[in-house]
Amino acid sequence: REICGWTDRLPADRRDSGDAILLDAAVAGAELADLAALAEEMLKRAAPPDEDGDNGFGRRRLRLTQHFRGWGRLEGDLTPAAAAALRAVLDAEGKRTGPEDERTAEQRDHDALEELCRQFVAAGLPDRAGQPTRIELHMTLSQLLAQPEAAAALAAWLAANGATAPPGADCDASIVPVVTGTIEPDVLEQLAAALVGQAAGEAGAGDGQDSESPSGSSARAKRLRPTRRRARFDTGPMAERAARYAVISQAVRLLSGPEGLAAWLRTSQLPDLANSVSLPLDIGRPTETIPPHLRRAIARRDPHCRFPGCDRRVGRCQVHHLVPRSKGGPTSLANCCNLCAFHHLIAIHRWGWKLALHPDGTTTATSPDGTRTLHSHAPPNAA
């Protein structure tokens, strides 16, 4: 791919020979950097003058394409300055962290780029408020009512409009509960038909009452005329549409807002992180997983990553629950510690390492199979 990119910049009548020269050099053992230097010399000798005088600056590009299940492909051509800057930060952020770090160089570069983007987001992108991760906790009204989920289309929409939170993301995040719902057409038609039928029945009852009235015929005719006009209107398509609109509007009023059914079910049935004050239709206010005062206390105690052997500073760390909240672990100083993104999201939440924080402040990490144990320093009672 690199050779084709270089030789595409040669005149058309020189490309085949350029490909042959570079391929022969590669077969002979030339490294990519050597091939790049050879291609540069070929360009100097054979390429036409740079018409715009920008030394190729106009060819700079970067393209991110997202595809299956949210995965992406990043490709582009960087200027020398951009390439050098990116290489410098990837080298600084993507260093191997210890003997437990078995990532390849390409995987470390990927994770370094992700961490740099995460740090940039946490630094203050609009609507992020300095929070490294914001999770939208989607739930449907039928789930709150403990009914079977009936809307497969809703699940497909959620999958297409947001990435699933990765393992460990909920340890240190801003959580926004969102209640969604769908309209069942059959139920809507039944309610609308019942509403129209009730209106027609009331109109018929009015006719009967008027016929039994002892009043004179002239007064009786005056009372019947508006009733008959209303009855004719209620049996038409416009009445059915109006009835459907009335049913939906009343249902929205019933479900939405801080006093609505959706908010009441959510705040009464879900834990504290998901029962904040609501906004219509029902979207709860963001709730921080780690309260600010606790975050400051953890940062004061843990000025760097607490995984044994890692010295990443607190600014590069996330708060980790030693006993997961899903298993009843409290959000407390004793159950939380700072970990860098690699040790938190990959080593622990993906690879399965276990971390223990001891009363003396030391930590011990145990591999998933239990064959490897790392200590932050020698145990206090060791000889």
Side-chain angles (χ1 to χ4, degrees), residues 89-105 107-119 122-123 130-133 166-173 288-383:
V89 295
L90 291 180
D91 287 344
E93 190 66 35
K95 295 178 180 178
R96 197 177 297 277
T97 60
E100 76 287 348
D101 190 350
E102 300 176 350
R103 297 173 295 171
T104 64
Q107 289 172 338
R108 294 200 307 273
D109 280 351
H110 169 278
D111 297 343
L113 181 61
E114 180 182 5
E115 176 60 16
L116 290 168
C117 293
R118 187 184 296 114
Q119 291 292 328
Q131 200 69 21
T133 303
D170 61 334
C171 276
D172 189 2
E288 291 188 1
T289 307
I290 310 298
H293 69 277
L294 181 58
R295 188 184 300 277
R296 289 193 294 269
I298 295 171
R300 184 176 181 86
R301 186 196 64 192
D302 303 338
H304 56 77
C305 175
R306 296 308 306 275
F307 201 93
C310 184
D311 58 357
R312 290 289 175 91
R313 297 174 65 87
V314 65
R316 299 291 190 188
C317 292
Q318 304 166 359
V319 177
H320 166 65
H321 287 72
L322 296 165
V323 177
R325 291 189 298 110
S326 60
K327 296 182 179 180
T331 301
S332 64
L333 185 61
N335 191 49
C336 293
C337 67
N338 274 328
L339 291 176
C340 70
F342 163 69
H343 285 119
H344 181 210
L345 301 178
I346 298 178
I348 290 181
H349 284 288
R350 288 192 180 273
W351 291 354
W353 280 76
K354 303 296 182 183
L355 185 69
L357 177 63
H358 306 299
D360 64 352
T362 62
T363 55
T364 300
T366 307
S367 63
D369 57 7
T371 59
R372 301 172 64 189
T373 302
L374 304 175
H375 300 285
S376 58
H377 56 70
N381 296 328

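If you're wondering where the values come from, they're calculated on a predicted model, not measured in any experiment.
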Taking atom [atom1] of [X] and atom [atom2] of [Y], what is their separation to the nearest 0.5 Å?
X	Y	atom1	atom2	result
Cys310	Lys95	SG	NZ	11.5 Å
His320	Leu345	NE2	CG	10.0 Å
Thr366	Leu374	OG1	CG	8.0 Å
Ile346	Gln107	CD1	CD	8.0 Å

Mind checking whether [X] and [Y] have side chains closer than 4.5 Å, heavy atoms only?
X	Y	value
Val319	Leu294	no
Leu339	Cys305	yes
Phe307	Phe342	no
Arg301	Cys337	yes
His321	Ile290	yes
Arg312	Glu93	yes
Gln318	Arg118	yes

Does any N or O in the side chain of [X] come within less than 3.5 Å of the main-chain N or O of [Y], such that one atom is a donor and the other an acceptor?
X	Y	answer
Asp302	Asn338	yes
Arg96	Arg103	yes
Asn335	Pro330	yes

Smallest separation among heavy atoms of [X] and [Y], with atom names:
X	Y	answer
Trp351	Pro368	O-CG, 2.8 Å
Leu322	Ala334	CD1-O, 3.8 Å
Leu357	Cys336	CD2-O, 4.3 Å
Thr331	Arg325	OG1-CD, 3.7 Å
Ala112	Leu90	CB-CD2, 3.9 Å

Checklist entry - Under the side-chain hydrogen bond (donor to acceptor under 3.5 Å, both in side chains) criterion, do Thr364 and His358 qualify, and how do the steps go? => result CA-CA 8 Å; Thr364 300; His358 306 299; 2.7 Å; yes
Item to check | Arg372 bridged to Glu102 by N-O distance under 4.0 Å | outcome: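 A salt bridge links Arg372 with Glu102.
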Checklist entry - Does the distance from a Lys or Arg side-chain N to an Asp or Glu carboxylate O, for Arg108 and Glu115, drop under 4.0 Å? => result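 Judged by the 4.0 Å cut-off on N to carboxylate O distance, Arg108 and Glu115 do not form a salt bridge.
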